[in-house]
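Working notes, beginning with the structure itself.
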Amino acid sequence: MSRFDIKDFFSKREDTRDETFDVLKGVAIIFVIMGHCGVGPLRAFFFSFHMPLFFFITGYFLKKRPLGKEIGLSLKRLIIPYVFSAVCIFLAAAIRNYADNAWVDISYTKGYVIKFLLGFNGEAHPAWLDGTIMAFWFLWAMFWGRALVVFLLGKIQSIKILCIIFFFLGPFGVFLGENIFIPYCVPLGITAAGFIYVGYLANQCKLLESVKVFKFFPLLLICWLYDWMQNGMDMAHFWYPSGYVFDLLGALGAFFVLFRFVKTFCCKDSLFWRIICFCGRYSLVVFCVHAIDENLNNWLVFVSCLHIPFEYRGAFLLLTRLVITFVIALFILKVKLLREGVFQIKNDL
C-alpha cells in the first residue's frame, strides 16, 4: 500500500503474516482498558497475565544486537511516543488551567510537567512529587527491560546462568521500587526484564510449537490459577502476591493457553478477529491514546454526574472509552507525520 487505508486492513486479505501475536496483543490491550474501567470480578483474571503478555511477546521477537543499536531503536519506538504523549498531556493541562481560571499559578500543568520529566512510577513516592506517570510506566519499563536483556545476552551464553540472574534481578527490582526513589521507572524495567527473557527463551527453545511443553504445562497452569485466585499481579505497583518467580511462571502458563486458543479458534476473515488484530498490530498507538485519557480524565466522577446506575457504570465506561480510544487511534494512523514520525509505522501496512 502506498498509504494507510483502514478499509484495506479490515477487508479480507491474503498474506503470509502470522497474526496470532497481533491478536494476543489486541486481547491484552483491550483487557488493559477493561482493567481501568473497574470491571470488578474480572480484574483478577486480567491482572494475572495482561501486562506480562506484552513483555513475553516482546521477548519472543527480540534479537541479539549491539546494545547501542538496541537503545537507538527503543528510543525511537518507545520514548518518542512517550514524549509525544507527554506534550499532549501538557497542552491539555494548560487548557484546563486556563478554563479553570488557574492560569496565574499554573499548578495543574506544573504537576504534570515535573512528573513526566522525571518519568516516575513507584512506591517510594516523595511528598514533593505530584503523583506518577500512571500507565506510561510501561514504555519506560519496556525500554530498560529490553536494554538489560540485550546487554546480558551479549555477555553471557549460558541459559542456566541467565535464568538465575533474571530470577534474582526480579525481586531486586521489586525491592528498589518499593524502597528507593529512582526516576524513569528503572526498577520496573528490571522486574520486566525477566518476563522479556522468558519470552526470548520460549522462541529460542520453540516452546510454543513443541509438544515438550506439555511435560511442565500442568505446573504452569496451577501457578496461573493460583495467581488468579490471589487477585493477580500488579507490575506497576510491584505487587507479586505469590512471589516474583511463581507469578512469572503463572503468567507464562496463561501465555501458552491463550496462544493455543487463538491458534485454534481465530478466524482470520471474521470482522471480530480483524478488530482485535487491528488493536494488537497498532497496540502502541491504542495504548498511548488510552494512557493519555487515563491521566487526564476522571471517568468515575463523569458517570456519577450522569446518574448512571452503579451496576451499569462498568459497561458504560468500557464502551465509551473503547470507542473514544479507537476513533482517536484511527485519526493518528491517518496522519502521516504522527504515524511515521512518532510511532514509526511505515507504509508497508
Side-chain angles (χ1 to χ4, degrees), residues 21-22 24-25 28-29 32 51-89 115-122 132-156 162 165-166 169-170 173 176-177 182-204 235-236 280-292 329 332-333 337-346 348-349:
F21 293 98
D22 289 331
L24 286 174
K25 288 192 295 182
I29 193 62
V32 167
M51 296 312 297
L53 195 60
F54 286 111
F55 293 112
F56 286 142
I57 294 173
T58 291
Y60 194 85
F61 292 101
L62 189 68
K63 293 180 173 60
K64 292 176 66 174
R65 55 171 64 97
L67 180 60
K69 185 176 181 180
E70 170 59 37
I71 291 175
L73 288 172
S74 292
L75 282 172
K76 290 193 296 184
R77 295 173 179 174
L78 298 168
I79 305 307
I80 289 180
Y82 172 83
V83 173
F84 166 77
S85 301
V87 171
C88 291
I89 290 174
K115 66 184 180 182
F116 272 88
L117 284 178
L118 291 175
F120 175 75
N121 193 93
T132 69
I133 58 174
M134 300 177 69
F136 285 107
W137 69 268
F138 170 75
L139 298 182
W140 281 110
M142 186 68 79
F143 174 82
W144 295 116
R146 287 177 61 104
L148 182 56
V149 172
V150 168
F151 171 75
L152 290 175
L153 285 175
K155 300 294 182 181
I156 302 172
L162 284 170
I165 290 174
F166 283 113
L169 278 176
L176 291 178
I182 304 176
Y184 305 113
C185 302
V186 174
L188 284 162
I190 294 174
T191 60
F195 292 85
I196 294 173
Y197 177 69
V198 168
Y200 174 83
L201 202 58
N203 188 6
Q204 296 301 303
M235 295 183 70
R281 186 176 294 193
Y282 308 115
S283 58
L284 181 59
V285 180
V286 176
F287 170 81
C288 286
V289 172
H290 171 68
I292 292 172
I332 290 175
L333 289 169
L337 178 63
L338 299 180
R339 184 179 73 243
E340 298 185 9
V342 175
F343 292 98
Q344 310 300 311
I345 299 173
K346 305 304 179 183
D348 56 349
L349 301 174

Would you please classify the geometry between the F195 ring and the F55 ring as parallel, tilted or perpendicular, with 30° and 60° separating the classes? tilted

Could you grab the distance from atom CZ of F120 to atom NZ of K115, nearest 0.5 Å is fine? 12.0 Å

Ring centroid separation F21 to F61 under 6.0 Å: yes

Between C185 and W140, which heavy-atom pair has the shortest distance, and what is it? CB-CB, 3.6 Å

Non-neighbouring partners of F166 that pass ring pair (Phe, Tyr, Trp, His ring centres under 6.0 Å), sequence neighbours left out: Y197

Taking the side chain as every heavy atom from C-beta outward, state whether I80 and Q344 have any atom pair closer than 4.5 Å. yes

Using side-chain contact (heavy atoms from CB on, under 4.5 Å) as the criterion, list what pairs up with S85, not counting sequence neighbours. F136, C288, I292

I need the full list of side chain to side chain donor-acceptor pair (under 3.5 Å) pairs touching residues 52-67, with sequence neighbours left out, sorted by first then second residue. Y60-E209, R65-E70

Do the non-hydrogen side-chain atoms of R339 and V285 ever get within less than 4.5 Å of each other? no

Mind checking the CD1-CG spacing from I182 to L176? Nearest 0.5 Å is all I need. 4.5 Å

For F116, is there any backbone N or O sitting under 3.5 Å from a side-chain donor or acceptor partner on Y82? yes

Test item: V32 and F138 side chains (from C-beta on) under 4.5 Å apart, heavy atoms: no

If you define the side chain from C-beta out and look only at heavy atoms, does anything of F143 sit under 4.5 Å from L75? yes

Using modelled atom types and a 3.5 Å cut-off, is there a donor and acceptor pairing between side-chain atoms of T191 and backbone atoms of L188? yes

I want to check something: taking the side chain as every heavy atom from C-beta on, are L333 and F343 in contact at a cut-off of under 4.5 Å? no

Any donor-acceptor pair under 3.5 Å linking the side chain of W144 with the backbone of Y184? yes

